[in-house]
Trainee: 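The structure that follows is given in the form of structure tokens.
Naming convention: chains lettered A, B, ... in sequence-line order (proteins, then strands); numbering from 1 in each chain. Every value quoted in this text rests on a predicted model; they were computed, and no experiment measured them.
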Protein chains: 2
Amino acid sequence: MQELTYTEENYIKSIYTIQDRSGTGEASVNEIAERMQTRPATVTDMFKKLSEKSLIHYEKYKKVRLTEAGTKIALNILRKHRLWETFLCDKLNFSWDEVHEVAEQLEHIRSQKLIDKMDEFLGFPEYDPHGDPIPKHDGAMPASKSIPLSEMPENVPCIFVAVNDTSTAFLQQLKRFNLEIGAELTITERMPYDRSVWVTNKKGDSLQLSEKIAGNIYVV
Amino acid sequence: MQELTYTEENYIKSIYTIQDRSGTGEASVNEIAERMQTRPATVTDMFKKLSEKSLIHYEKYKKVRLTEAGTKIALNILRKHRLWETFLCDKLNFSWDEVHEVAEQLEHIRSQKLIDKMDEFLGFPEYDPHGDPIPKHDGAMPASKSIPLSEMPENVPCIFVAVNDTSTAFLQQLKRFNLEIGAELTITERMPYDRSVWVTNKKGDSLQLSEKIAGNIYVV
DNA sequence: GGGCTTAATTTGTCCAACCATATCATTATA
DNA sequence: TATAATGATATGGTTGGACAAATTAAGCCC
């Protein structure tokens with residue numbers, strides 16, 4: 001197990017996320033640059049370094065893929081991130097839209113013992129406050145059986161279980177709509193022009209969600 | 001409130017610690033280099049930078065002292081460090097000798113809300129597991145729990161912080177022994193017959209102190 | 001295939017934090 | 001007071017992570 005810088009860890013995590021939500025299981029220089037708020041040149045440099053350390057499969061001008069070692073690291077960071085989020089919400093009463101940026105820092109703390117004790121302290125949770133599965137110590141991940149709200153058929157009720165974007169902007173928007181994990185939603189109508197959807201909740205309130213929002217709300 | 005790097009924060013903390021136990025309230029390049037495990041050249045560079053940011057008083061070839069702003073930052077880091085140590089011991093059942101290096105990482109987490117909530121979660125503790133006082137949110141520090149030198153266990157280094165007798169006779173005796181506030185002392189042996197103690201200082205000098213003297217020297 | 005667009009890489013620079021070495025100040029001591 | 005020892009600084013160099021600008025490769029469309 002090598003010593004990685006925080007920056008390297010963040011790249012690994014971004015690659016994991018991008019390849020996870022791309023059909024092909026790969027990530028491009030531009031996608032990572034976008035996500036890391038940096039320039040493609042920087043990403044190319046980092047790809048070389050990570051490749052040197054055998055954490056990604058990299059060939060010039062091609063997309064990259066995490067190696068097994070890289071994936072293991074990504075899952076470990078994800079585990080820490082989600083356990084910390086759970087801690088912040090469950091024990092310190094943070095609201096679920098406040099935890100992300102603090103967890104972004106805490107996920108880099110290096111101490112096997114700390115994270116194992118934290119897991120125990122929290123009662124070995126399977127899902128974090130956003131509904132995302134928490135990888136186990138060995139990297140095993142509870143199934144996340146959710147799909148984007150935008151892919152739900154019309155008039156089939158579903159439960160809001162996770163978000164696919166943890167930016168403050170997005171979470172605040174949800175707050176404005178009064179949308180929370182656990183809400184029961186039903187798509188009543190699709191607007192073909194901009195792919196937005198009309199949704200009703202259990203109380204019968206109706207609201208219109210853009211394609212972007214509906215694509216980042218995950219439901220079962 | 002400026003954004004400091006972790007490294008800068010660590011220097012600030014080291015300066016605080018050194019000047020706190022120095023008698024004169026100052027810290028030298030070499031002392032900091034020793035404590036930070038780095039070279040004097042590096043420390044000089046950093047002193048210039050911190051001086052530029054008005055966090056220390058710095059003049060070439062002289063010792064440094066934290067400014068008010070610098071002290072505030074140091075106390076804030078100390079607060080975070082000691083609260084985290086308390087958390088690790090009280091809530092996660094770490095033993096008191098395991099917590100330090102993890103707290104060294106956690107003390108850099110930037111979130112006012114987190115640390116305030118943590119303080120509350122822990123029941124607003126005044127002292128950390130090592131008995132050191134935890135600075136309050138406003139920088140106020142509970143009195144540090146000093147004890148008479150005579151009550152220190154053997155072979156545990158401590159710092160001479162106060163006297164409990166301000167008579168000239170006592171102070172002159174201290175002078176004769178070359179004992180000053182700030183000295184690092186270690187009891188090497190106890191003489192059961194008269195309860196006097198053998199003490200060594202940092203230079204390795206050894207001296208014998210009567211029960212009366214050792215009882216009026218306060219240490220932490 | 002040729003040309004165009006987009007994506008990726010190379011090159012050269014910058015800054016923070018480090019170091020070794022050489023030099024300069026301060027101090028302690030003969 | 002002169003001089004050696006110690007302490008601090010200056011200089012020049014390295015590395016990691018970032019950037020802009022220029023260049024090259026890949027993919028696509030006719």
Side-chain angles (χ1 to χ4, degrees), chain A residues 2-15 18-19 22-24 26-66 70 73 77 104-105 108 110, chain B residues 2-15 18-19 22-24 26-66 70 73 77 104-105 108 110 178 180 202-205:
Chain A
Q2 351 189 10
E3 276 294 289
L4 299 181
T5 64
Y6 286 10
T7 309
E8 287 170 329
E9 288 192 352
N10 283 329
Y11 274 90
I12 295 277
K13 197 176 57 146
S14 289
I15 294 168
I18 295 290
Q19 77 179 23
S22 81
T24 65
E26 292 173 318
S28 72
V29 168
N30 273 355
E31 286 167 332
I32 299 301
E34 160 74 18
R35 201 178 162 78
M36 297 286 296
Q37 294 292 348
T38 184
R39 304 292 141 206
T42 315
V43 176
T44 298
D45 288 349
M46 184 55 78
F47 278 5
K48 283 184 197 153
K49 188 149 38 120
L50 294 177
S51 172
E52 200 62 40
K53 297 187 178 185
S54 300
L55 298 175
I56 60 174
H57 298 289
Y58 170 63
E59 285 172 81
K60 275 193 192 180
Y61 293 102
K62 297 201 172 165
K63 299 193 170 188
V64 302
R65 221 174 64 247
L66 289 173
I73 290 170
I77 301 169
E104 287 276 301
Q105 299 179 58
H108 298 293
R110 277 174 240 279
Chain B
Q2 350 188 9
E3 276 293 288
L4 300 181
T5 64
Y6 286 10
T7 309
E8 286 169 330
E9 289 192 351
N10 283 329
Y11 274 90
I12 295 276
K13 198 177 56 148
S14 289
I15 295 168
I18 295 290
Q19 78 178 25
S22 77
T24 65
E26 294 175 318
S28 72
V29 168
N30 273 356
E31 287 167 331
I32 300 301
E34 158 75 17
R35 202 179 161 75
M36 297 286 296
Q37 294 291 348
T38 183
R39 302 293 138 202
T42 313
V43 175
T44 298
D45 286 349
M46 184 56 79
F47 278 6
K48 284 184 198 155
K49 191 158 27 134
L50 294 177
S51 172
E52 200 63 39
K53 296 188 178 184
S54 299
L55 299 175
I56 60 175
H57 298 289
Y58 170 65
E59 286 173 82
K60 272 193 195 181
Y61 294 101
K62 296 202 172 166
K63 298 191 171 191
V64 301
R65 220 175 65 247
L66 288 173
I73 290 169
I77 301 169
E104 287 276 300
Q105 298 178 59
H108 299 292
R110 278 175 238 278
N178 231 345
E180 291 181 348
K202 226 174 174 178
K203 294 182 210 144
D205 305 331

Trainee: Under 6.0 Å from the CZ atom of B/Arg35, do we count more than 12 heavy atoms belonging to anything else shown?
Mentor: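 Correct, the count exceeds 12.
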
Trainee: Nearest to the side chain of B/Thr44, which nucleotide is it out of D/dA10, D/dT9, C/dA8?
Mentor: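 Nearest to the side chain of B/Thr44 among the choices is D/dT9.
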
Trainee: Using a 4.0 Å heavy-atom cut-off across all strands, classify B/Tyr11 as base, sugar-phosphate, or nothing.
Mentor: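 Sugar-phosphate, no base atom in range.
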
Trainee: In whole Å, I'd like the distance from the CE atom of B/Met46 to the P atom of D/dA8.
Mentor: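 Result: 17 Å.
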
Trainee: With a cut-off of less than 4.0 Å, is there a side-chain N or O of A/Asn30 near OP1 or OP2 of C/dT6?
Mentor: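 Indeed not, no polar side-chain atom of A/Asn30 lies that close.
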
Trainee: Categorize A/Lys48 for me: base, sugar-phosphate, or nothing, with a 4.0 angstrom heavy-atom threshold over every strand shown.
Mentor: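 The answer is sugar-phosphate, as A/Lys48 gets under 4.0 Å only of primed atoms, P, OP1 or OP2.
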
Trainee: For B/Asn10 and C/dA16, give me the distance from atom CG to atom C1', rounded to whole Å.
Mentor: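 Result: 14 Å.
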
Trainee: Under 3.5 Å, which N/O atoms of the protein pair with N/O atoms of nucleotides 24-28 of chain D?
Mentor:
from: D/dA25; atom 1: O4'; to: A/Tyr61; atom 2: OH; distance (Å): 3.4

Trainee: Just to be sure I understand the rule, does A/Thr7 reach a base, reach only the sugar-phosphate, or reach nothing, if contact means heavy atoms closer than 4.0 Å?
Mentor: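 Sugar-phosphate: the residue A/Thr7, judged by heavy atoms under 4.0 Å, touches backbone atoms but no base.
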
Trainee: Holding to side-chain hydrogen bond (donor to acceptor under 3.5 Å, both in side chains), I want the full list of residues that pass it with B/Glu104, two or more places apart in sequence or in another chain.
Mentor: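 Checked B/Glu104 against side-chain hydrogen bond (donor to acceptor under 3.5 Å, both in side chains); matches are B/Lys13, B/His100.
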
Trainee: What distance separates B/Asn30 CG from B/Arg39 CZ, expressed to the nearest 0.5 Å?
Mentor: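 Answer rounded to 0.5 Å: 10.5 Å.
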
Trainee: Figure out the CD/P separation between B/Glu3 and C/dC15, and round it to whole Å.
Mentor: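 Going from B/Glu3 (CD) to C/dC15 (P), I get 19 Å.
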
Trainee: Could you tell me how far apart A/Glu52 (CD) and D/dT15 (C1') are, to the nearest whole angstrom?
Mentor: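 Checked: the CD to C1' distance equals 15 Å.
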
Trainee: Taking side-chain contact (heavy atoms from CB on, under 4.5 Å) as the definition, give me every residue that meets it alongside A/Thr38, ordered by chain and number, with sequence neighbours left out.
Mentor: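 For A/Thr38 the side-chain contact (heavy atoms from CB on, under 4.5 Å) partners, ignoring immediate neighbours, are A/Tyr11, A/Met36, A/Thr42, A/Val43.
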
Trainee: So if I take residues 32-41 of chain B and measure heavy-atom distances to DNA chain D, which residues fall below 4.0 Å?
Mentor: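 Under 4.0 Å from DNA chain D: B/Pro40, B/Ala41.
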
Trainee: What is the distance, rounded to the nearest whole Å, between atom NZ of B/Lys62 and atom P of D/dT9?
Mentor: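 These atoms are roughly 12 Å apart.
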
Trainee: Mind checking what makes side-chain hydrogen bond (donor to acceptor under 3.5 Å, both in side chains) contact with B/Glu31, not counting sequence neighbours?
Mentor: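 For B/Glu31, the residues satisfying side-chain hydrogen bond (donor to acceptor under 3.5 Å, both in side chains) (neighbours in sequence not counted) are B/Ser28.
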
Trainee: For B/Glu9, enumerate each residue passing the side-chain contact (heavy atoms from CB on, under 4.5 Å) test, keeping only those at least two apart in sequence or located in another chain.
Mentor: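 Counting only residues at least two positions away or on another chain, B/Glu9 forms a side-chain contact (heavy atoms from CB on, under 4.5 Å) with B/Leu4, B/Ile77, B/His108, B/Arg110.
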
Trainee: So, taking the atom named CD in B/Glu8 and the one named CD1 in B/Ile73, what distance separates them when rounded to the nearest 0.5 Å?
Mentor: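 Going from CD on B/Glu8 over to CD1 on B/Ile73, the span is 9.0 Å.
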
Trainee: Taking all non-hydrogen atoms of both residues, which atom of A/Ile56 and which atom of A/Phe47 are closest, and how far apart?
Mentor: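 Taking every non-hydrogen atom into account, CD1-O, 3.4 Å.
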
Trainee: Across the strands shown, which category fits B/Tyr58 at heavy-atom distances under 4.0 angstrom: base, sugar-phosphate, nothing?
Mentor: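 Sugar-phosphate, backbone atoms only, no base.
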
Trainee: Kindly indicate, with the supporting measurements, whether the criterion side chain to side chain contact (heavy atoms under 4.5 Å, CB included) is fulfilled by A/Tyr58 and A/Leu50.
Mentor: CA-CA 9 Å; A/Tyr58 170 63; A/Leu50 294 177; over 6 Å; no

Trainee: Round to the nearest Å and state the distance from B/Phe47 atom CZ to C/dA16 atom P.
Mentor: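 Answer to the nearest Å: 18 Å.
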
Trainee: Atom CD of A/Glu31 to atom P of C/dT6: distance rounded to whole Å?
Mentor: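 Distance check: A/Glu31 CD to C/dT6 P gives 16 Å.
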
Trainee: Taking CG from A/Asp45 and C1' from D/dG16, how many angstroms apart are they, rounded to a whole number?
Mentor: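 So the two atoms are 10 Å apart, to the nearest Å.
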
